[in-house]
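In what follows, chains carry the letters A, B, and so on, assigned in the order in which the sequence lines appear, proteins first and then strands, with residues in each chain numbered from 1.
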Amino acid sequence: MPRITLPDGKLLEFPQPVTGRQVAEAIGPGLARKAIGVKLNGAEIRDLTRPITEDAQLKIITANNDDPDALWLLRHSCAHLLAEAVCELFPGTKLAYGPPVDDGFFYDMKTPRPLTSDDFATIEAKMAEIVKANRPFTRVDYSCETGLARTDGDKFKRDNAERAIAKGATTISFYSTGTPGEHWEDLCAGPHVPATGVLAANKVMSVAGAYWHGDQASDQLTRIYGTCFADDKGLKAHLHRLEEAKKRDHRKLGREMDLFHLQEDNPGQVFWHPKGWAIYRELEDYVRGKIRDRGYVEVKTPSVMSKALWERSGHWAKYRDNMFTTSSEEREFALKPMNCPGHIEIFKQGLRSYRDLPLRMAEFGSCCRNELSGALHGIMRVRGFVQDDAHIFCTEAQIPDEVADFCTLLKDVYRDFGFGDDRILVKFSTRPAVRVGSDETWDRAEAALAGACKLAGLAYTLHAGEGAFYGPKLEFTLLDSLGRHWQCGTIQVDYQLPSAERLDAQYVGDDGQKHHPVILHRAILGSLERFIGILTEHFAGKFPLWLAPEQIRVLPITDEHVAYAREVAKRIHDADLRSTVDANSEKLGAKIRLARTDRVSYFAVVGAQEVADRTVSLQNQAGEKLGSLAIEALIERLREEVADKRIAPAVAGAVGG
RNA sequence: GCCACCUUAGCUCAGUCGGUAGAGCUACUGUUUUGUAAACAGUGGGUCGCCGGUUCGAGUCCGGCAGGUGGCUCCA
């Protein structure tokens with residue numbers, strides 16, 4: 001006698017177990033036609049055809065691009081569609097695993113020959129056929145024994161079935177797209193949409209390699225990525241978003257805007273050009289000012305340090321594969337991959353008192369990590385980079401305040417780049433199974449991190465068990481203008497490195513005894529390189545004025561006005577702004593076009609009129625004409641915008657040329 | 001590092017069946033002196049990523065290597 005509560009609070013009672021479809025029909029025939037699944041008690045998504053025996057809160061899921069549950073269901077089902085098409089086109093294909101993921105789904109499989117993007121059209125055509133046939137997804141449950149037997153000879157599916165049983169499954173389910181025994185089937189827990197017909201808005205996106213269970217030592221599989229939406233409109237919008245992302249790719253903009261380059265003989269090392277370096281220095285100076293106001297001191301530690309230090313710190317044992325090493329006069333050294341040991345060595349000079357704590361030691365630390373070649377990506381993932389790093393040496397009692405202060409600072413900084421609270425995601429990772437330190441210590445450290453988030457008004461998602469072995473951590477992710485996630489800041493509580501077993505940092509407490517401080521490792525931007533990459537893509541190269549490499553370009557109309565243009569540019573330059581002059585002999589239209597495609601923030605046209613009036617005719621990157629201004633007024637205006645760190649309102653919107 | 005794919009002028013890209021390489025933009029030179037998104041003409045520019053092989057002949061076919069791209073793994 002299930003009693004079904006609908007999202008609007010309405011209660012439906014049924015005399016016997018009902019299916020989701022029957023509930024939908026009870027509400028209305030239109031809804032029943034549109035329904036693709038149900039969600040029970042806000043948690044479990046189910047097929048429309050599975051019986052509901054208990055009282056439940058129930059949501060009918062319809063194909064809707066704005067409903068994550070609907071997309072999840074569509075994509076999970078579409079993975080089957082893809083798998084069926086591939087199995088049919090490439091007999092001998094062995095299926096492994098095909099879940100929905102952000103923005104789509106993938107299916108890992110072992111195919112008789114490597115698949116390439118040339119195969120996509122054929123696969124999509126086959127998928128379209130299956131969609132057109134509109135065959136029902138049909139579930140059949142077998143006993144564990146029978147289910148297992150059905151996976152005989154199929155290593156991956158057998159493994160999946162065994163795992164399901166180990167996790168407590170009482171039956172093994174298969175889904176057929178059509179009539180069981182007649183049509184294609186796949187071992188799957190479900191749920192699925194009612195029929196293949198609702199999966200029309202799909203696309204095969206890419207092919208890549210993957211390992212079975214993510215294990216390098218295991219089978220190498222082919223992973224095909226695809227996506228599916230409720231309708232063509234959703235799919236088109238998604239593809240459009242990808243196009244936009246491609247247009248603002250920092251590797252493309254970096255070249256076009258002459259910000260930096262990478263070259264073949266130095267993989268993962270960035271050559272910063274003058275314009276890119278202008279942004280870099282602006283960022284560094286900005287952070288330097290911010291942390292100075294918060295009581296940090298800045299230091300600089302060596303790039304090359306002896307193996308002995310890395311052995312004591314534990315890096316040699318744990319991190320060696322990622323370290324560049326070198327030797328001199330038969331001693332081994334390593335390029336520093338992290339700044340912490342250097343900072344502790346500074347802390348250890350002289351005798352520290354509890355009165356010195358908290359000691360906030362910052363460094364724009366140049367780190368080298370020998371990342372796997374396949375992991376490198378533009379300037380986002382490199383082998384040489386600079387962290388806006390700091391280590392806070394404090395007592396355990398000081399952790400809550402220090403973490404709270406850091407969260408406030410971090411929010412403050414992110415806001416200056418236009419990332420408000422709604423664009424900051426916090427991940428809170430707690431104690432892992434293998435860890436050092438007492439449970440009481442962990443309790444306190446975790447409470448401090450959670451409390452600090454609350455104090456700073458930051459909501460977090462809990463990732464239980466994902467902390468470092470030496471302490472819990474917060475990780476801060478930014479949501480950019482295309483809705484993509486970038487992990488930037490972090491703060492980690494560390495009891496290990498300062499301990500007697502490691503680098504043995506000590507201070508004298510108010511009890512006259514020696515104690516080990518706690519260290520908070522923290523960064524806000526993460527790495528300057530990655531952060532500039534993120535900003536480049538977020539702003540599509542149209543940086544806010546305070547960061548823009550070329551803040552204003554003066555455009556003389558004819559040669560006669562070049563001298564005045566240079567004078568204007570010099571005045572702007574003397575006011576600590578970045579200006580240039582386009583003295584080429586092109587027509588004004590061409591100069592304007594170039595200024596705009598170069599993404600210069602402002603350009604100032606000067607001709608006979610402006611020379612006579614000692615003014616400029618100003619226009620911004622967006623193409624808005626801002627009228628004529630005296631030189632002083634122009635400088636004033638630019639300086640104000642820089643000081644305010646103003647961000648163009650258009651940033652969150654579409655990208656222009 | 002692993003899997004798949006890619007690599008032709010500074011950039012974006014063409015190059016058919018294996019027959020000695022082409023466009024647009026850029027750069028340079030000249031003419032033009034221009035008023036809010038591209039003036040005109042001319043000239044440069046290439047060991048087709050590198051090494052080897054097959055062939056009378058390789059940008060093109062084969063092998064190896066390097067780098068890049070998308071993933072996996074890892075991560076600031």
Side-chain angles (χ1 to χ4, degrees), chain A residues 101 106 108 110-111 113-119 205-225 246 249 251-252 255-256 258 261-268 319 321-322 337-339 365 367-389 475-476 486-490 521-531 533-534 555-562 584-598 603-610 617-619 621 623-626 628 656-657:
Chain A
V101 289
F106 65 77
D108 285 348
K110 220 177 174 84
T111 50
R113 70 157 171 88
L115 298 186
T116 75
S117 49
D118 294 339
D119 297 311
M205 301 299 293
S206 61
V207 58
Y211 303 111
W212 179 230
H213 295 315
D215 177 6
Q216 280 197 30
S218 189
D219 296 62
Q220 176 74 50
L221 304 169
T222 300
R223 171 171 297 184
I224 302 180
Y225 281 90
K246 215 169 154 186
D249 188 311
R251 293 164 299 190
K252 178 175 180 278
R255 193 168 44 239
E256 284 178 12
D258 197 17
H261 85 269
L262 296 136
Q263 64 187 37
E264 187 170 332
D265 51 11
N266 269 306
Y319 207 73
D321 285 351
N322 279 296
M338 296 180 194
N339 305 301
C367 297
C368 288
R369 297 183 187 173
N370 196 2
E371 301 288 352
L372 295 177
S373 58
L376 303 177
H377 176 86
I379 61 170
M380 300 277 207
R381 189 75 187 277
V382 289
R383 287 185 176 152
F385 58 97
V386 171
Q387 293 177 311
D388 62 321
D389 201 6
E475 283 170 330
F476 301 89
W486 303 101
Q487 207 236 293
C488 295
T490 180
H521 304 247
R522 43 108 293 167
I524 301 174
L525 306 184
S527 94
L528 278 295
E529 284 75 7
R530 174 182 289 179
F531 201 74
I534 294 167
L555 313 182
I557 290 174
T558 77
D559 290 353
E560 283 172 33
H561 314 122
V562 170
N584 286 317
S585 71
E586 276 116 14
K587 291 168 77 169
L588 182 60
K591 291 184 183 182
I592 287 173
R593 180 169 188 276
L594 190 64
R596 294 194 60 184
T597 55
D598 281 352
F603 54 90
V605 177
V606 296
Q609 189 66 50
E610 287 74 18
S617 169
L618 191 66
Q619 187 167 331
Q621 208 283 332
E624 292 163 320
K625 295 186 176 67
L626 302 165
S628 135

What integer number of Å spans the [atom1] atoms of [N] and [M]?
N: B/U16; M: B/C62; atom1: P; result: 15 Å
N: B/C5; M: B/G63; atom1: P; result: 11 Å
N: B/U8; M: B/C13; atom1: P; result: 9 Å
N: B/A38; M: B/G19; atom1: C1'; result: 40 Å
N: B/C11; M: B/G45; atom1: C1'; result: 13 Å

Side-chain N or O of [X] closer than 4.0 Å to phosphate OP1/OP2 of [N]:
X: A/Arg255; N: B/U12; result: yes
X: A/Tyr225; N: B/A4; result: no
X: A/Ser373; N: B/G1; result: yes
X: A/His561; N: B/U34; result: no

Rounded distance (Å) that lies between atom [atom2] of [N] and atom [atom1] of [X]:
X: A/Asn322; N: B/A76; atom1: CG; atom2: P; value: 10 Å
X: A/Glu475; N: B/A76; atom1: CD; atom2: C1'; value: 10 Å
X: A/His521; N: B/C75; atom1: NE2; atom2: P; value: 15 Å
X: A/Leu221; N: B/G70; atom1: CG; atom2: P; value: 21 Å
X: A/Leu588; N: B/A39; atom1: CG; atom2: C1'; value: 13 Å
X: A/Leu594; N: B/A39; atom1: CG; atom2: C1'; value: 15 Å
X: A/His377; N: B/U69; atom1: NE2; atom2: P; value: 7 Å
X: A/Arg381; N: B/C72; atom1: CZ; atom2: P; value: 12 Å

query = Closer to the 5' end of RNA chain B via nearest nucleotide, is it A/Gln263 or A/Glu586?
reply = A/Glu586
remark   = Walking RNA chain B from its 5' end, the first of A/Glu560 and A/Tyr319 to be reached, judged by nearest nucleotide, is A/Glu560
Selection from [options] that lies nearest to any side-chain heavy atom of [X]:
X: A/Ser617; options: B/U36, B/G35, B/U34; result: B/U36
X: A/Glu264; options: B/A76, B/U33, B/G67; result: B/G67
X: A/Val207; options: B/A4, B/G35, B/U33; result: B/A4
X: A/Ile557; options: B/G35, B/A76, B/A37; result: B/G35
X: A/Ala590; options: B/G35, B/A38, B/C72; result: B/A38
X: A/Ile592; options: B/A76, B/G70, B/A37; result: B/A37
X: A/Tyr211; options: B/U32, B/C2, B/U36; result: B/C2
X: A/Arg251; options: B/A39, B/G68, B/G70; result: B/G70

Both distances below 3.5 Å, Watson-Crick or wobble geometry, any strand: find the nucleotide opposite [N].
N: B/U36; answer: none
N: B/G59; answer: none
N: B/C65; answer: B/G49
N: B/G42; answer: B/C28
N: B/C17; answer: none
N: B/A9; answer: none

[X] side chain vs [Y] backbone, donor-acceptor pair below 3.5 Å:
X: A/Glu529; Y: A/Val386; result: yes
X: A/His261; Y: A/Arg255; result: no
X: A/Arg223; Y: A/Asp108; result: no
X: A/Arg383; Y: A/Cys368; result: no

ask   = Nearest 0.5 Å, what's the CZ-CZ distance between A/Arg369 and A/Arg381?
value = 9.0 Å
Over all strands shown, is [X] touching base, sugar-phosphate only, or nothing at heavy-atom distances under 4.0 angstrom?
X: A/Gln487; result: sugar-phosphate
X: A/Arg223; result: sugar-phosphate
X: A/Gln609; result: base
X: A/Cys367; result: nothing
X: A/Val386; result: nothing
X: A/Ala608; result: base
X: A/Gln387; result: sugar-phosphate
X: A/Ala375; result: base
X: A/Leu376; result: sugar-phosphate
X: A/Gly365; result: nothing
X: A/Gly589; result: sugar-phosphate

ask   = With syn defined as a glycosidic torsion within 90 degrees of 0 and anti otherwise, which applies to B/C17?
value = syn
query = Between the base of B/G35 and the side chain of A/Glu610, is there any donor-acceptor pair under 3.5 Å?
reply = yes
message = Could you check whether the side chain of A/Arg369 and the base of B/C74 have a donor-acceptor pair of N or O atoms closer than 3.5 Å, going by distance alone?
response = no
query = Just wondering, more than 12 heavy atoms not from A/Glu560 lying within 6.0 Å of its CD?
reply = no
request  = Ignoring hydrogens and angles, state whether a donor on the side chain of A/Asn339 or A/Asp389 is under 3.5 Å from an acceptor on the partner side chain.
outcome  = yes
ask   = Minimum heavy-atom separation for A/Val605 to A/Glu610, with atom names?
value = O-CG, 3.6 Å
task = With sequence neighbours excluded, tell me which residues meet side chain to side chain donor-acceptor pair (under 3.5 Å) with A/Arg530.
result = none
task = Please list, chain by chain and in numerical order, all residues satisfying side chain to side chain donor-acceptor pair (under 3.5 Å) with A/Asn584, sequence neighbours excluded.
result = A/Asp582
